[in-house]
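Everything on this sheet refers to the single structure shown next.
Being a predicted model, the structure only gives us computed values, none of them experimental. Counting starts at 1 for both ligands and their atoms, following the listed order.
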Amino acid sequence: MSVSKAKIAVIGAGLMGHGIAQVFALAGHEVAVTDTVQSNLDTLHARIAANLRDLGDDASAVTRVKPFADLAAAVAGADYVVEAAPENLALKQKLFADIERHARQDAILASNTSVIPITAIMAGLQRRERALGTHWWNPPFLVPLVEVIETQWTAPEVVEWTLALHRAAGKKPAHVKKDVPGFIGNRLQHALWREAISLVENGICDAETVDEVIKASFGRRLAVLGPLENADLVGTDLTLAIHETVLPAIDSRPAPSPYLRQLVEEGRLGFKSGEGFRRWTPEQQAALRGRVMRHLKASRDS
Ligand SMILES: NC(=O)c1ccc[n+]([C@@H]2O[C@H](COP(=O)([O-])OP(=O)(O)OC[C@H]3O[C@@H](n4cnc5c(N)ncnc54)[C@H](O)[C@@H]3O)[C@@H](O)[C@H]2O)c1
């Protein structure tokens, strides 16, 4: 199976599915997309074409994307199937049973779940050696990383082919060798979020200050200097000395913060209710979303 001209099927035409289809189509693959909601298929071409135009990419790539109302027709003949349906274990298990029934014997099957163990999703399959996880980040056409998660059943050549497929499509795949909750990226991200919430909860600073401290300090370097590069740069001896003092003091609770629970119970849900850790007017929400998109576009090729 060629990594530059594969037949791809995407299950789910939502936020992630349409963006994943866009990336593969732009890379030259034929992409079949299926969804249970007809309007999501009807708007698929328009959404992808708008993204491609906005990014200055070849808008004709959208002609390689074909919507299908029928899952069996979408996956028949596919070399590679990636599922981006809602985050629900029972739904994903049923979908993969259907996919396996209708896909070719040698097709590779991937789930884009955010947090559900790949092992739990794929346990019931006949050909578990051809199944794995691929965790993309939103928006799929701007954030380079795709975590490729191997289970104890995945064949090494399936992992290698999937890594090569994403590399050839311009993504930065990372091989996750064990199927652990949160994979790599979300474990790291939420270790930081836990401490960020704890600082506010303990009255050390307010939410705005937490975000400003990060954005004005190590956040500036983070896109070009990873923590372990940084540890080597300053010295592992200095890192050890810092950890001796700081680690006993930072939050290590193995559960969500009670402060976070309280926000949710009070209906302070963030943008969707106008207030979370902070208050957000519609204008402030639009400004923040715009800032993120401008930043991601500007750093797209770096
Ligand atoms: N949104 C993110 O930032 C993000 C990031 C990484 C991973 N993910 C994961 O990607 C998956 C999809 O998330 P999303 O944000 O695109 O959700 P979404 O709700 O935008 O899209 C899901 C789509 O699946 C469709 N669908 C529902 N049942 C289906 C079925 N049986 N067959 C085919 N299609 C069906 C829905 O109609 C919808 O269009 C989830 O597992 C999510 O956790 C999301």
*So which of Gly12, Ala84, Gly19 gets nearest to atom 22 (C) of ligand 1, if we judge by its closest heavy atom?*
Ala84
*Does the side chain of Asp42 come under 3.5 Å of the side chain of Ser39 through a donor N or O and an acceptor N or O?*
no
*asked:* Just to be sure I'm reading this right: ignoring hydrogens, which of Met16, Glu83, Lys92 gets closest to atom 4 (C) of ligand 1? Compare them by their nearest heavy atoms.
replied: Met16
*asked:* Under 4.0 Å from atom 17 (O) of ligand 1, can you find at least one protein heavy atom?
replied: no
*Scan side-chain atoms only and decide if Thr151 and Thr154 contain a donor-acceptor pair under the 3.5 Å cut-off.*
yes
_Backbone of Ala25 reached by a side-chain donor or acceptor of His29 within 3.5 Å_ = no
*Does one hydrophobic cluster hold both Leu71 and Ile20, with members joined at side-chain heavy-atom distances below 4.5 Å?*
no
*Winner among Ser114, Ser39, Gly17, Gly14 once heavy atoms are compared against atom 43 (O) of ligand 1*: Ser114
*Short N/O distance, under 3.5 Å, between Asn112 and ligand 1?*
yes
*If you measure from atom 40 (C) of ligand 1 to every heavy atom of Ala85, Ser111, Ala13, Pro139, which option wins on shortest distance?*
Ala85
*Any N/O of Glu87 closer than 3.5 Å to an N/O of ligand 1?*
yes
*asked:* For atom 31 (N) of ligand 1, tell me which residue out of Asn88, Leu44, Leu91 has the closest non-hydrogen atom.
replied: Leu91
